[in-house]
Student: 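This is the structure I want to talk about, given as structure tokens.
Letters A, B, ... are given to chains in the order of the sequence lines, protein chains preceding strands, and every chain is numbered from 1. Every value quoted in this text rests on a predicted model; they were computed, and no experiment measured them.
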Amino acid sequence: MAQEDYILQVKNLSTWFKLDYGMLKAVNDVSFSLKRNQTLGIIGESGCGKSVTASSILRTVTTPGKIVGGQILYNDGKKEADLTKYKPDGAEIRSIRGNEISMIFQEPMASLAPVYTIGAQMMEEILVHTPKQQRDKKKAKETCIEMLKAVGMPDPEQKFNSYPHQLSGGQCQRAMIAIAMVNRPKILIADEPTTALDVTVQAQINDLMKSFQKQYNMSIIYITHDMGVIAEMADSIAVMYLGRVVESGSAVQIFKHPVHPYTRALLRSMPVLGHKTTEHLPAIEGNVPVPIDPPDNCGFCTRCLEKMEMCAHVVPQTIEIEPGHFVRCHKFNPAD
Amino acid sequence: MSEEKDRKPILEVKGLKKYYPIEKGLSKRVVGYVKAVNDVNLTIYQNEVLGVVGESGCGKTTLGRTILRLLEPTDGKIIFHFGDKTVDFSALTRQEVRDYRKYLQMIFQNPYTSLNPRMTVFDIIAEPMRLSKAFTEEQITERVRKLITQVGLEVRHLNRYPHAFSGGQRQRIGIARSLAMQPKFVVADEAVSALDVSIQAQILNLLQDMKDQYGLTYMFIAHNLSVVEHISDRVCVMYLGRVVELAETEELFYHPRHPYTEVLMSAIPVADPTTDTKRVELKGDAGNAAHLPSGCPFHPRCRYGKEICRQELPQLREISPGHFTACHLADQLKLSGLEELKLTAKKEE
């Protein structure tokens, strides 16, 4: 089956948080694959587990959270390794984290260290990942300034010595990308990188990520709740709801031929540019539940309009309805 | 609904300015001003939704708050027409403003910080009525019960505290509170930005229902252009404290007449992977309202900029009926609207 060239395959991943009042199943039996040099979009509402999925890959899940099952297979082109087998603070994962797999975060202002200059934070990233004997500060600084230039930072030499509070939101996000890109990662995980930014800046940052992808043969996992952004960025898409991937496939499959009731409802409920009506938007009624000790059912059954008898007490299985297009819904299960 | 000639204005804003002084040193010497709202002229008609868009720091929130006199204007006139009564709102004393507060309301962006955590939902919604001293406690109870069901919650929710509710539900409570005094004009400042996609649609529908039911007029401030297009009758684009373009929604989206609007349009992400966007590039970073450039505030970033743009400040003028723009070159430029920018691929895989 390993015909396709996957750089990352997540198989049946479960990350649970043991809380005083129950088990929070943030990520529950999640599978998806990322093809080399492509962009995978993960879309979902707040609390659906998309950010925990990202931190599971980097092994930065904090207690009381724990990966309780599944595999994260990372193939760097030479060999395949299961990241769940590594210790979260071990040497193996640390040589990958920030080096081969990097991440950029949602709030650029809040995710940069306020008491270090942009330059210091970039240099650290390089120096930490080079063996002690080969560390060369002068060369590292040159690389950093080159990278700041590449991300379109005005005045790179001066900004190298600036602190985050001296930069605007868009510049901070450029600095974050520069930090994440400085080691030429193979995978970039972007967790809502443009949510806090203006549309015009959002467009610039997304274009920048696309051009880096081409230039450095990078694969991207792009996490967002914005359907518009994901349509622009992603080659394939995984739709998450309440800790599970409910539908996944190519961008065209998801946007043009969605089959899961949640995906379809989600696409219907947003205002579409150029289709102005005075009519009501077909909103999804109800609220997103919290997955604490969730019953064994389809998570969407509380809000689903096509709900059947069994949805309330059987977990649907993932089925491939056409090549590459997976859905987790009882409507499509031939065995039922 | 906008073709009718007899549209009555509910609000006229003339030359409105809001400057913040920049102070320096112990003596608080004023060394300059942040011109957050800079000479804004606007008319909002009864029962319409005016969308206000622009990047962060362009003054859209300050404009909304200054109109309601939650912030004191530096200069300019704010004139409201409530029925037959015309009120020069900017000339009133703070005491007199209170008499008119009931007609004006605001819906806030963050449903988590705009409700008092120590008050029950009942008290939150009842507070404006209690303060007005115009209602008996029975009338208040009756009205609160009616409001809570109107916004899609239940009477049993009234004794709970805000922390027991999700973001969407809290926004409903905020809407119920703002409707308690039967306002005429509501400023919704990023009212749906903090909400999830599926909840956002619920709240947008609710806002529309309430508008029809109470005959409201909205000033809808937002940065999500798809949402603004959906809800607004007319849209006003702001840049560095000034209105740079104002037109009916479709006209503005399809036939923009200001280069900044063109940039905004090209930056909107379209939820369709078969659509290709022609990106209009925007030079440089957002301008600073403390150090305004000479001439047109947009000229350092404008790709059409000419000599005149550097020297003269363009005034907002009516370039075609109902379509206002503040650009020297508006007559010469052929700008692209949505149709030209968003190219839908013919082939589908």
Side-chain angles (χ1 to χ4, degrees), chain A residues 43-48 154 167-171 194 196-204 206-207 225-235 237 250-256 262 265-288 290 303, chain B residues 1 53-58 152 165-169 195-206 208-209 223-232 249-250 253-254 260 263-277 279-282 284-286 301 338-339 342 348-349:
Chain A
I43 193 153
E45 301 181 74
S46 43
C48 74
L167 308 181
S168 70
Q171 288 177 348
T194 60
L197 305 174
D198 285 319
V199 263
T200 47
V201 184
Q202 166 174 295
Q204 291 169 352
N206 284 341
D207 290 349
H225 66 263
D226 188 323
M227 296 297 242
V229 170
I230 208 108
E232 276 196 0
M233 294 296 291
D235 300 300
I237 295 173
S250 73
V252 175
Q253 281 168 338
I254 297 291
F255 274 97
K256 294 288 173 184
Y262 175 63
L266 200 59
L267 286 168
R268 270 202 308 268
S269 73
M270 15 162 247
V272 177
L273 214 55
H275 298 273
K276 186 173 167 55
T277 60
T278 48
E279 276 165 35
H280 268 179
L281 290 168
I284 308 179
E285 293 306 321
N287 291 298
V288 186
V290 180
R303 304 170 79 188
Chain B
M1 72 189 74
V53 299
E55 60 197 342
S56 47
C58 74
F165 296 92
S166 67
Q169 289 172 322
L195 306 175
D196 273 318
V197 197
S198 71
I199 309 297
Q200 191 172 300
Q202 295 175 3
I203 299 298
L204 285 174
N205 289 344
L206 177 65
Q208 264 176 341
D209 288 345
H223 67 272
N224 183 331
L225 290 154
S226 306
V227 169
V228 169
E229 195 216 12
H230 173 77
I231 198 162
S232 308
T249 307
E250 287 201 16
F253 277 69
Y254 285 93
Y260 178 62
V263 170
L264 279 183
M265 295 304 130
S266 88
I268 310 175
V270 184
D272 182 346
T274 56
T275 300
D276 255 338
T277 295
R279 198 80 91 196
V280 180
E281 222 174 300
L282 182 60
D285 264 329
R301 308 177 75 189
L338 275 190
E339 201 145 354
K342 311 292 174 192
E348 198 179 293
E349 287 171 40

Student: Does Leu281(A) form a side chain to side chain contact (heavy atoms under 4.5 Å, CB included) with Gln208(B)? I'd like the steps, not just the answer.
Tutor: CA-CA 10 Å; Leu281(A) 290 168; Gln208(B) 264 176 341; over 6 Å; no

Student: Do the side chain of Gln202(B) and the main chain of Asn287(A) share a donor and acceptor less than 3.5 angstrom apart?
Tutor: no

Student: Which atoms of Glu250(B) come close to chain A, meaning under 4.5 Å heavy atom to heavy atom: side chain ones, backbone ones, both, or neither?
Tutor: side chain

Student: Of the backbone (N, CA, C, O) and the side chain (C-beta and beyond), which part of Val272(A) lies under 4.5 Å from a heavy atom of chain B, both, or neither?
Tutor: backbone

Student: What are the two closest non-hydrogen atoms of Pro271(A) and His230(B), and how far apart are they?
Tutor: CB-CB, 3.5 Å

Student: Heavy-atom distance under 4.5 Å to chain A: side chain of Leu282(B), backbone, both or neither?
Tutor: both

Student: If every non-hydrogen atom of Val270(B) is compared with every non-hydrogen atom of Glu232(A), which pair is closest and at what distance?
Tutor: N-OE2, 4.2 Å

Student: Chain A: which of Ile268(B), Val263(B), Leu225(B), Leu195(B) shares the most heavy-atom pairs with it under 4.5 Å?
Tutor: Ile268(B)

Student: Can you tell which of Ser198(B), Ser266(B), Gly54(B), Gly57(B) has the highest number of heavy-atom pairs within less than 4.5 Å of chain A?
Tutor: Ser198(B)

Student: Can you tell me which portion of Glu279(A) sits under 4.5 Å from chain B's heavy atoms? Options are side chain, backbone, both or neither.
Tutor: backbone

Student: Which distance, rounded to the nearest 0.5 Å, do you find between the CZ of Arg279(B) and the OG1 of Thr200(A)?
Tutor: 10.5 Å

Student: Please name the pair of heavy atoms, one in Ala201(B) and one in Ser269(A), separated by the smallest distance, quoted to 0.1 Å.
Tutor: CB-O, 3.2 Å

Student: Measuring from atom CG of Asp207(A) to atom CD of Glu281(B), what distance do you get when rounded to the nearest 0.5 angstrom?
Tutor: 8.0 Å

Student: What part of Arg268(A) lies closer than 4.5 angstrom to a heavy atom of chain B: side chain, backbone, both or neither?
Tutor: neither

Student: If you take all heavy atoms of Ala267(B) and Ala203(A), which pair is closest and at what distance?
Tutor: CB-CB, 3.8 Å

Student: Checking heavy atoms, do the side chain of Ile203(B), its backbone, both or neither come under 4.5 Å from chain A?
Tutor: neither

Student: What pair of heavy atoms forms the shortest contact from Glu45(A) to Asp196(B), and how long is it?
Tutor: OE1-CB, 3.1 Å

Student: Answer with side chain, backbone, both or neither: which region of Ser166(B) has an atom nearer than 4.5 Å to a non-hydrogen atom of chain A?
Tutor: side chain

Student: With sequence neighbours excluded, tell me which residues meet side chain to side chain donor-acceptor pair (under 3.5 Å) with Gln202(A).
Tutor: Thr194(A)

Student: Taking all non-hydrogen atoms of both residues, which atom of Phe255(A) and which atom of Ala271(B) are closest, and how far apart?
Tutor: CD2-O, 3.5 Å

Student: What part of Ser46(A) is in contact with chain B, defined as an atom under 4.5 angstrom from a non-hydrogen atom: side chain, backbone, both or neither?
Tutor: both

Student: For the residue pair Val227(B) and Met270(A), establish whether any side-chain heavy-atom pair is separated by less than 4.5 Å.
Tutor: no

Student: Let me confirm one number: the NZ-CG distance from Lys256(A) to Asp272(B), rounded to the nearest 0.5 Å.
Tutor: 3.5 Å

